[in-house]
There are 2 protein chains.
Amino acid sequence: MALLWGGGEPGEVRPGPKPGLSVDVIVEAAIEVADTEGMAALSMRRVGERLGRTGMALYTYVPGKAELIDLMYDRALAELPAEYDVGAGWRPAVASWAGHLLRFYLRHPWMLQVSQARPVAGPNEFAVLEGLVAILRGTGLGPRRVRGVVALLFDFVRGAARTCAETGAADGERRRARSLLLEQAAPGFTARFPMVTWAEPAADEPAGETFTLGLHVLLDGVEAAVRET
Amino acid sequence: MALLWGGGEPGEVRPGPKPGLSVDVIVEAAIEVADTEGMAALSMRRVGERLGRTGMALYTYVPGKAELIDLMYDRALAELPAEYDVGAGWRPAVASWAGHLLRFYLRHPWMLQVSQARPVAGPNEFAVLEGLVAILRGTGLGPRRVRGVVALLFDFVRGAARTCAETGAADGERRRARSLLLEQAAPGFTARFPMVTWAEPAADEPAGETFTLGLHVLLDGVEAAVRET
DNA sequence: GGACAATTCTTTACGTCATAAGGGTATCAG
DNA sequence: CTGATACCCTTATGACGTAAAGAATTGTCC
C-alpha cells in the first residue's frame, strides 16, 4: 500500500544496523526469479538466496509475500510506454498499445498469474490505463463506453498473451504433440466435434494471426461504437 | 488424460479390496471444496477429509493434484449447454452463450484460476467450444476469422467474470473502500491521472453494465467482419 | 563512555502442503 | 489354500510462508 505508492523515499537515520537491502532491490530480485524460473519458483527463500540473505530477512522490508507480488506487478509495468501518438488516428495508437502490452506479457508471463484481486493498483498500472483511456477519449466516446472498451482490450490482450505463453501457440512442435494426445485419448473426435475440427488451425499457420484477427474485429467494433456516438 | 476422456467405465473385477471411492466421487468432492472454500483451500487432504478418507487414498484414483484439477475443470463445464438456437440469428445466440458462460464462472470462480496450460482439453470443454463455433460458422465467416472471434469471446467473458469475481464489481461497498485506500495512498491522484479519473464509474452504476457494453462492441465488430466476408 | 532503545538480520520453530514408500488387509483366480 | 494384486493408512521427506526469539549493530541522551 504505502510501499506501492511511496516511491524511493530517502531513509531517515535511525538506530540499528545499516540496512543491507531495500524494497527496490528485493522487488527487482523477485522479478528476476519470476522471469527466469517462473512464478512457481518464487518463494521468499528463493528471493533471499538471490540476494545473499535468508528469506526471513525480506520481512524487514515487505510485510509478506502477497505484498511483494503486488510490488513486483506494478514495478514490471513501468516498462511500458505511458503515452501514445494519436497523430495517425486512434486505431493505430490502440493497435500499438495492444502490441506493446502483448509483447510485455510474453516477456513476463508470470504477470498473467498474478491475481487481479489486489487491494489497490499502483502508479505504473494506472499509467498504462491512463495512456489507453487518453487514446479512447479522443474518439469522442463517453466514459461508460470507454470503460467497456478498456475492459475488452485488456481482457483480449491478456487472453492472447495467456494463450501464447501457456499453450505455446508459437510452437508447432508442441501443437502437434497435443493433437496426437487428443487422437489417442479421443478416437472419433472428428465425428463428435465437427465444428471444432473445421476451425482447427493449419499446421503452418503464422503464430500471431489469431491475435491480429481478434484485434481487427475488436477495433471494428470500437469504430461502430464511435459512429453510434 | 485417459481419465479425462475415459468416462465412467464399468470397473472390471480385479483382486484387491473393493474400491470405496471412484474418480467421479473424488472430482465431485473436489469441486465442492473449490466452490465452497475457494481454490486456495483445495488440497488432497481437504478433499480426502470430505470423503472420510486420507488425502493419500486419492492417489489410488488420480495420479496427482494437477490431474485432479484438470478433471474438475472439465467436469464443471458439463453444466453448460452444448447447443444454441440460432433461429433468432447469430447475435442473440452468441449473447446467450456469453451470458451462460459468465454466470457459470460466477458460480465457480475457481475455474478462472485454473491454468490454461493443460496437456489436453476434455470432452466438456470441447463441447462448449463446439457450440460457439457452430453459431459462428453460421455467420459465413471462414475458420481463421472464427478462431479470432472465438478467442476474443472467451477472453472477454473470462475477463469480465474475473473482474466481477475478484474485484467485487457488484459490490459498491468494496469499491468505495478501494477508492478510499487510493485517496490515502496517492494524494494528488486526480491531477496525475486525469483520464482515468474521467472514466471512473459512478457510485450507483449497475453492476453488469461494463459486460453488456463490451459485448455490444464486440458483436458489432463481428458484424463488421461478417460484412467484409 | 555507558545505558537504553530501536533496528537489522539469523536461527529455530511451527503448521501446512504434495507426494514417496512401506506395510497391513481384503479380494480374486487358479 | 497360495500367490498376486489392489485399496487404503501410516510414516516420512522436502518445500513453503511466516512467527518469534536472540545476537549484533547503530543512534540518542546523559
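Proteins come first, then strands; the chains are lettered A, B, ... in the order of their sequence lines, and each starts at number 1. None of these values were measured; they are calculated from a predicted model. The figures here come from the full heavy-atom set of this structure, side chains too, leaving out hydrogens, waters and symmetry mates.
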* Check the distance between C:dA18's P and B:Glu49's CD and give it to me in whole angstrom. => 11 Å
* **Closest non-hydrogen atom pair, B:Val133 against B:Val146** => CG1-CG1, 4.2 Å
* To do: Classify the nucleic acid contact of B:Ser43 as base, sugar-phosphate or nothing, counting any heavy atom under 4.0 Å across all strands shown.
  => sugar-phosphate
* **Check: C:dA18 base within 3.5 Å donor-acceptor of B:Arg45 side chain** => yes
* Rounded to the nearest angstrom, tell me the gap between atom CZ in A:Arg53 and atom P in C:dT11. => 12 Å
* Asked: Quick one: is A:Thr60 getting a side-chain N or O under 4.0 Å of the C:dT8 phosphate, OP1 or OP2?
  -> no
* To do: Could you check whether the rings of A:Phe193 and B:Phe126 sit parallel, tilted or perpendicular, using 30° and 60° as the cut-offs?
  => tilted
* Taking the side chain as C-beta and beyond, is there a heavy-atom pair between A:Arg75 and A:Glu28 under 4.5 Å? -> yes
* Pick base, sugar-phosphate or nothing for A:Gly20, based on heavy-atom distances below 4.0 Å to the nucleic acid. => sugar-phosphate
* Structure fact -> Rounded to whole Å, OH of B:Tyr61 lies from C1' of D:dC7 at a distance of 6 Å
* Structure fact -> Atom CG of A:Leu68 and atom C1' of D:dT18 are separated, to the nearest Å, by 14 Å
* A:Met44 CE to D:dC16 P: how many Å, rounded? -> 12 Å
* Would you indicate what B:Met56 reaches in the nucleic acid, counting non-hydrogen atoms under 4.0 angstrom: base, sugar-phosphate, or nothing? => base
* Gap between atoms NZ and C1', on A:Lys18 and D:dG27 respectively (whole Å) -> 10 Å
* Got more than 12 heavy atoms from elsewhere within 6.0 Å of CZ, A:Arg46? -> yes
* Would you indicate what A:Leu42 reaches in the nucleic acid, counting non-hydrogen atoms under 4.0 angstrom: base, sugar-phosphate, or nothing? => sugar-phosphate
* To do: Considering non-hydrogen atoms only, spot the tightest contact between B:Asp155 and A:Phe156 and give its length.
  => OD2-O, 3.6 Å
* Could you state the atom-to-atom distance from NZ of A:Lys65 to P of D:dT18 in whole Å? => 8 Å
* Using whole Å, report how far CG of B:Leu58 lies from C1' of D:dC9. => 12 Å
* Asked: Which part of the nucleic acid, if any, lies within contact of A:Ala57, taking any heavy atom under 4.0 Å across all strands shown: a base, the sugar-phosphate backbone alone, or nothing?
  -> base
* Side-chain N or O of B:Arg14 closer than 4.0 Å to phosphate OP1/OP2 of D:dC7 -> yes
* Give one of base, sugar-phosphate or nothing for A:Gly64, where a contact means two heavy atoms less than 4.0 Å apart. => sugar-phosphate
* OP1 or OP2 of C:dC9 sitting under 4.0 Å from any side-chain N/O of A:Tyr59? -> no
* To do: Please figure out whether A:Pro17 or B:Gly16 has its closest DNA chain C nucleotide nearer the 5' end.
  => A:Pro17
